[in-house]
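Inspection log for the structure reproduced underneath, given as structure tokens.
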Amino acid sequence: MSDQNILALFKNGQPDKAFKKLYHLYPKIEKLILSKGGSKADASDVFQEALIILNRNLEASNFKLTSSFYTYLYSVSRFVWSDLQKSLSKRQLQELNTEEVQIFQNVIEEKKYQLAEHAFSEIGKRCQYLLQLFYHKAMSFNDIANVMQFKSSKIAKNQKYKCLQKAKDIYQTKLKLV
Amino acid sequence: METYNQHIELINNYLNNVLSDDAKSDFKDKLQSDIAFNTLYEEHIVFLKGLDRIQIKSDIQKGKRSYHTEKWLKISGVSILFIGVFMMLYTLISNASENNPTSNNEVLNPIVLDSATTQKPTINKVLDISEDKVIKNESNIEEYDATIINKTYKSITATPGSPKKEAQIIRVNTQKDTSITCKEGTILKIKKGSFINPNTKKIATGTIDLKITEYYKLSDILMANLSTVSYGKLLETGGMIYIEVLQNETVLELKENSDIEISFSTKNKKSNMQLFYGQWTGRNINWELQNDVLEELNISEEIIEVPFAVIEQVPTFPGCEAEGNESRKKCTSDAISKFISRNFNTDIGLGLGLSGRQRINCIFKIDQDGNIIFIQSRATHPRLSEEANRVVALLPKMIPGMQRGKSVVVPYSLPLLFTIEGKSNATRQFGNSVVNDTISMANLIFNRPVEMDTVYKNSRGIIETIREVMHDKYFVVDTLFIQEWNQYKKQRLIREIDGSNFRRFILRKTLFEMKDSKFKILEDDSITRGGHVIRIPWNETKIPTTTQILNLVPKQRYSAGTETVTAEEFEDRLGSQANENISSRDVSYYVLKTSNLGWINCDRFINGRTKRIKYKLKIKNAEEASINMVFKSLNTILPSWYTNGVYDFQTVPKDEDIVLVAIKRKNGKLYFDTIETQTKVNPQMDFNFKEVTIDELKKELEIFNNLNN
């Protein structure tokens, strides 16, 4: 399947199918990580991270894929891994070209989002569910109150703010730790 | 908070693009001008992106899974082909016997079947109940019995192709509540509309098919390769069932927050049966305890201690609920000082041959429920620190201190200063308040401390009053009764009249007519007026001289990790389970406190003893053990302060015979060791820890009570 087809899948809102295709590239990435001393689990994590970054960029309007998916994922994976290992020297950083700098920035930013995600995963199932209903499913507070059996939409709303606040608190403390 | 909510709402509206153009440009201006708002915006964006990750991740997982499935199907397709070819060749070539090929077939059949029917690639393996596993299962038969399964979990649908028991299929109408009794006696109660179609996320309507397989007989369980293990722990099973719900070949899921009631048929019921649901990991099934998780909104945060001086919301002395943190803080510390000064028995200082300025350092903690715990004091004489401990323990329950909206433990230190001047006059100063009073040299009454679960301040307090009014010196007064008593006083059912030279109580008639009334009229010394009973308390002559005045103190509470508990509860906790929260320090504090040894303060050595040295211990294998020094000559214990790997005993007399007592709690077990030595500069030693029980530990410590006898 060509890159164009995969791109079309992304555009049509079938990212899972697109990811399925992209997973054909995984063995190569795995080899890369293994050669740099990582484990298979590391490789899987790195690849997932690369896919997330790719997906995020594809959603942004000003992004254009200049190379093939393989080249792009390969370089993102490389940066994710070196960032994980903190192995990039200053000199290496200076020698990056603009495109690589862009990717590197993406990787750094994604780390922040990762923290936010971790914070989210620590706030309890009900809180998670509530925030997901609100942000992913874009449900109204009325519907949320119905689904989650809150007494009123007001309580749902209140609860949502509390959950959000909690998540952000956790995020802030995590950020300080890093 | 309110503005915060508004801001978030505004940001949401902006991101969802529902603002008008004007509002949008306002918003952008605000982003430029308001730094706080800008950071909030940035933070919110980060958070939303973090949320996005979850969605993306699930998509990726989906993609990954289908990729793997495809790959696996290809591989298995090829291998089946290969096996097929191989078998054909084999049957063609081997003419030796006709039985062999068929038996081979039997073994291989499941493989083919398996790979063809199973959707999920994670588990597929040829089913082999290996010989030793069966034996192991059987040897444990006695022990297990009871496990159960609820919910249709997709993972279970992927049960490896085991020699399955045939399922019963029951057709049910989802519009009605239904109760089903299965072949082997399981009863299911299903509420209407409990199932959803995972594809459309809508509640399934119409008729559905329930596929139920029951596993009660051990043979069935073993045949299906169902083990009864939850995270490596053996379970007893009372039966397992496997339910699959289908509608037009779609597997339905149980709706969130709805459940199926399952009654298992058991001949001999056992208590403590819990519900587990199963999940296949590899070839074995793991049972996970099903908890009711409704309270998940509370996240537990590490218990932190926040000092009184810096805490956001100070712990509050009852009666100090004034506005403003600062005024509450002042009121509370004043109230504590006042309370201590009022209750401290300075007489104790007199008999000890001390004179001059006395200082008692008192440290305690106010826990998350407002209880006073971990009382430790150091004074120039053990009797003084004992008295300080007693009085601090009398402090009433406070409103706990809060930090970031959560109640926390607040350590509090209180220096008590007073001067013993001559023999008749003492000035006491506690904290900020100075109290001058003359100490009468009247007979010191020995007040025996009695542990109660409530605080009573005076030696002749409410209990004595109640007993007087009841005219019964053995009247049982418990906390409940005191509450009732105060209630009656509020309701004016009991009235107290204080005259210049008399005190009277009027008890209303209702009290005597109440059901289960504890109030009784004694013939001889009651006067009735208008149906009410007037009681005159005992006068001095009537108070029996043999009355022992009891000094009621609250039950000593110990800290066990994050909680405070009584002595019994503490031992319970130690014994019952590996409670990681209880630290070595908690244990040693508990054991030493309950032993008869007194505590000593290093300041004491400043007076009197000749040569003094600083005593610090560095111990390699201490692992945060708690180390205390017992003085043979004094029967007292000197605690150490543990900082940065060094146990600091501060100043001690030189060449003193001591025993170092180390207590350690690790992985729920207690360890103990002692070293007999003399105090000298730069001590070098290592402990050889032995495991002990709490009772053994107490016995060991009792030995020290008799050291110098």
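Letters A, B, ... mirror the listed sequences (proteins, then strands); counts begin at 1. Just so you know, these numbers use all the heavy atoms, side chains as well, and skip hydrogens, waters and symmetry mates.
Heavy atoms of Ser121(A) lying under 4.5 Å from chain B are absent altogether. The contact between Glu110(A) and chain B is made by backbone and side chain atoms together, counting heavy-atom distances below 4.5 Å. Interface remark: Glu109(A) contributes no atoms to any contact with chain B (heavy atom separation under 4.5 Å).
We find the NZ-CD1 distance between Lys49(B) and Ile52(A) to be 13.0 Å, quoted to the nearest 0.5 Å. From Lys20(A), atom NZ reaches atom CG of Asp59(B) across 14.0 Å, with rounding to the nearest 0.5 Å. Between atom CZ of residue Arg53(B) and atom CG of residue Asn55(A) there is a gap of 11.0 Å, rounded to the nearest 0.5 Å. Atoms CG and CD, on Leu51(B) and Gln128(A) in that order, are 9.5 Å from each other to the nearest 0.5 Å. Note that OH of Tyr113(A) and CD1 of Ile45(B) are 8.0 Å apart. Values are rounded to the nearest 0.5 Å.
Residues Ile54(B) and Tyr135(A) have side chains not in contact (no heavy-atom distance under 4.5 Å, counting atoms from C-beta outward). Between Ile56(B) and Phe19(A) the shortest side-chain heavy-atom distance falls below 4.5 Å. When side chains are defined from C-beta on, His24(A) does not count as touching Lys71(B), because their heavy atoms never get closer than 4.5 Å.
With hydrogens and angles ignored, the 3.5 Å screen pairs no side-chain donor or acceptor of Arg56(A) with any backbone N or O of Asp52(B).
No more than 12 heavy-atom neighbours from other residues, nucleotides or ligands sit within 6.0 angstrom of NZ on Lys31(A).
Of all heavy-atom pairs spanning Phe120(A) and Phe47(B), the tightest one is CD1-CZ, 4.1 Å. Counting all heavy atoms, side chain and backbone alike, Ala116(A) lies closest to Val46(B) at CB-O, 3.8 Å.
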side-chain contact (heavy atoms from CB on, under 4.5 Å) assessment of Ile60(B) paired with Tyr23(A): CA-CA 9 Å; Ile60(B) 292 177; Tyr23(A) 254 93; 3.8 Å; yes
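Among Glu49(A), Lys160(A), Lys112(A), the residue with the largest count of heavy-atom pairs under 4.5 Å with chain B is Glu49(A). Counting heavy-atom pairs closer than 4.5 Å to chain A, the top residue among Gln55(B), Lys64(B), His44(B), Lys62(B) is Lys64(B).
Salt-bridge formation is detected for the pair Glu117(A)/Lys57(B): a Lys NZ or Arg NE/NH1/NH2 atom is positioned less than 4.0 Å from an Asp or Glu carboxylate oxygen.
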